[in-house]
Amino acid sequence: MISSHNEPRPSDLGDVRTANRAVVLRHVRRHAPCSRADIAAHTGLNKATVSSLVGELVERRLLRETGLTENRVGRPATMLVLDGAPYAALGMQIGADELVVLATDLAGTRLLTWRRAFAAPSSSPAETVRALAALARRAITRLTGQGRRVLGLSVGVPGLVNADGAVPRATALNWRDVALAADLRAALREPDLAVDVDTDANLAALAEHRHGAYAGAAHLVHLTGGASVGAGIVADGRLLRGARGFAGEVGHLTLDPAGPGCACGRRGCLVAYAGLPAVVGRLLPDTRQDGPVTDFLPEIQRIQALARQDDPTVLAGLADVGCHLGHAASVLANLLNPQAVVVGGHFAALAPWLLPAARTEFAARTHAPAAGGCLLDASTLDSSATALGGATAALAAVESGRLPAA
Ligand SMILES: [Zn+2]
């Protein structure tokens with residue numbers, strides 16, 4: 001299973017029953033509907049153990065029985081599925097011009113996706129925390145009104161996040177040393193709700209690994225496209241975080257030391273060429289006269305419209321952004337040899353015009369023959385991938401076999 005901050009501490013891993021619950025839940029998630037005998041046959045757990053675990057999981061409403069089906073020997077067996085009704089998990093993302101909250105049930109079915117216009121880069125961290133808490137509280141009210149219990153909330157931030165859920169630096173938000181998880185817990189005043197913070201890239205990679213076109217790939221990179229650019233790296237089926245959690249910060253990879261200035265104070269960073277504000281500023285120079293852009297969607301739609309009309313300046317600009325994207329992706333492919341580098345956000349929205357140049361540059365700069373088998377592709381998840389990954393992460397404790405508090 002893919003790891004997240006919510007995974008059990010090592011001492012819990014000695015709990016065989018907890019581990020076995022996780023095995024049963026994982027089997028049902030992947031193979032539902034399935035019978036107790038199917039679970040025993042495919043997991044190696046004996047039938048009595050499966051029967052006991054399933055009884056407990058049905059009683060705690062993590063699984064439910066769904067009618068009878070003839071099995072191969074003709075005896076009817078009670079089939080099991082994940083019970084979507086009693087629980088929900090929330091994911092949130094802080095974008096360049098919006099906050100998103102998304103809820104899923106235990107089976108991964110989306111229950112709601114709400115967006116609220118919010119300019120986090122020009123707001124204080126305290127204002128952002130208040131806005132996040134207000135949006136989360138509305139979602140919790142909606143879900144509890146439907147009779148569900150919200151198990152957890154995970155927020156994706158475009159910046160560095162440490163193991164405590166604090167943000168030492170988020171250049172795209174002008175943040176330094178924001179204790180986001182602690183501040184959000186205090187603002188929410190929901191002591192039973194597990195609140196966690198991760199990078200937007202890590203959460204988007206979780207969503208990609210669970211729900212995307214390359215779901216289940218053991219070696220996968222999701223490159224976020226937004227105010228910041230970051231890589232969420234799945235290696236050997238697990239998120240690669242590094243010593244302090246700061247792995248994947250490719251947005252500030254120097255592509256050209258003589259390149260354009262970056263908000264981080266250096267020059268020629270990937271984000272200074274390919275970040276959302278840089279792309280809009282370059283392709284739609286008239287937007288600069290109106291001050292900072294606070295609503296990027298109409299600007300992306302203008303770029304798409306101009307590209308469809310074969311506007312030569314916009315097409316050349318997109319091809320150049322694509323080159324830089326391909327260059328950065330080749331660094332990831334040379335370092336990590338993933339099965340795919342999947343690009344999200346505005347990169348996915350502009351993929352028809354970015355990817356041809358990006359793939360050419362990517363192939364030219366990746367040392368292994370045929371790019372080591374790595375595909376450079378657009379994400380099929382929508383622009384709420386990070387929030388979807390947040391909800392996925394918030395389910396990790398239950399998926400790892402820990403029962404929700406009674
Ligand atoms: Zn930079």
Side-chain angles (χ1 to χ4, degrees), residues 3-6 90-102 116 118-136 152-188 193-207 222-233 239-253 262-266 269-271 275-277 344-345 384-387 389-394 396:
S3 62
S4 89
H5 285 157
N6 284 334
L90 291 180
M92 302 189 83
Q93 69 188 55
I94 304 173
D97 57 2
E98 65 176 1
L99 304 177
V100 182
V101 63
L102 182 152
R116 185 203 149 166
F118 186 82
S122 54
S123 306
S124 71
E127 288 167 329
T128 305
V129 167
R130 272 198 297 278
L132 283 169
L135 189 57
L153 160 65
S154 195
V155 185
V157 182
L160 302 176
V161 178
N162 68 25
D164 299 327
V167 181
R169 188 169 299 180
T171 303
L173 302 178
N174 304 310
W175 283 11
R176 268 175 189 260
D177 299 318
V178 177
L180 181 59
D183 291 352
L184 191 55
R185 282 182 203 118
L188 273 170
L193 185 74
V195 175
D196 200 16
V197 176
D198 206 336
T199 71
D200 57 354
N202 283 344
L203 295 181
L206 275 176
H222 178 103
L223 204 54
T224 56
S228 78
V229 177
I233 300 163
L239 272 180
L240 186 77
R241 295 185 178 279
R244 295 191 179 178
F246 304 151
E249 199 53 49
V250 292
H252 297 282
L253 182 74
C262 179
C264 73
R266 300 178 196 89
C269 297
L270 170 63
V271 73
L276 182 53
S384 52
T386 290
T392 306

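Note that the structure is predicted; figures quoted are calculated from it, not measured.
Looking at H252 and V271, their side chains come closer than 4.5 Å, going by heavy atoms from C-beta outward. Between L160 and T199 there is no side-chain heavy-atom pair separated by less than 4.5 Å. Side-chain contact between V229 and L223: present, with at least one pair of heavy atoms (C-beta onward) separated by less than 4.5 Å. With contacts defined as side-chain heavy-atom distances shorter than 4.5 Å, the pair V155/T386 does not qualify. When side chains are defined from C-beta on, C269 does not count as touching L253, because their heavy atoms never get closer than 4.5 Å. You'll find the side chain of V197 reaches within 4.5 Å of the side chain of V157, heavy atoms only.
S154 contributes atom OG, which lies 10.0 Å from atom CG of L90 (distance to the nearest 0.5 angstrom). Note that OG of S384 and CE of M92 are 12.5 Å apart. Values are rounded to the nearest 0.5 Å. To the nearest 0.5 Å, atoms OG (S123) and CG (N174) are separated by 10.0 Å. A distance of 4.5 Å separates CG of L206 from CG of L239, quoted to the nearest 0.5 Å. Atom CG in L153 sits 8.5 Å away from atom CG in D196 (nearest 0.5 Å). Taking CG of L132 as the start and CG of L188 as the end, the distance is 8.5 Å to the nearest 0.5 Å.
Shown here are the side chain to side chain contact (heavy atoms under 4.5 Å, CB included) partners of A263, two or more places apart in sequence or in another chain: T171. Applying the side chain to side chain contact (heavy atoms under 4.5 Å, CB included) test to A179 and every residue at least two apart in sequence or in another chain returns A182, D183. Judged as a side chain to side chain contact (heavy atoms under 4.5 Å, CB included), and not counting sequence neighbours, the contacts of T224 are D200, A201, A204, H222. Not a single side chain to side chain donor-acceptor pair (under 3.5 Å) links E249 to another residue, sequence neighbours left out. With sequence neighbours excluded, the residues satisfying side chain to side chain contact (heavy atoms under 4.5 Å, CB included) with R130 are A126, E127.
Side-chain atoms of D198 do not come within 3.5 Å of backbone N or O of N202 as any donor-acceptor pair. Listed for the Q93 side chain is a donor-acceptor partner under 3.5 Å among the backbone atoms of A387. Without hydrogens or angle criteria, N162 side chain to D164 main chain gives a donor-acceptor distance under 3.5 Å. Within the 3.5 Å criterion, the main-chain N or O of G159 finds no donor-acceptor partner in the side chain of R169.
Across all non-hydrogen atoms, the minimal contact from P121 to A96 is CD-O, 3.3 Å.
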**Item:** side chain to side chain contact (heavy atoms under 4.5 Å, CB included) between T128 and W175, worked out
**Value:** CA-CA 11 Å; T128 305; W175 283 11; 3.8 Å; yes

**Request:** Step by step, work out the side chain to side chain contact (heavy atoms under 4.5 Å, CB included) result for L180 and V129.
**Result:** CA-CA 7 Å; L180 181 59; V129 167; 3.6 Å; yes

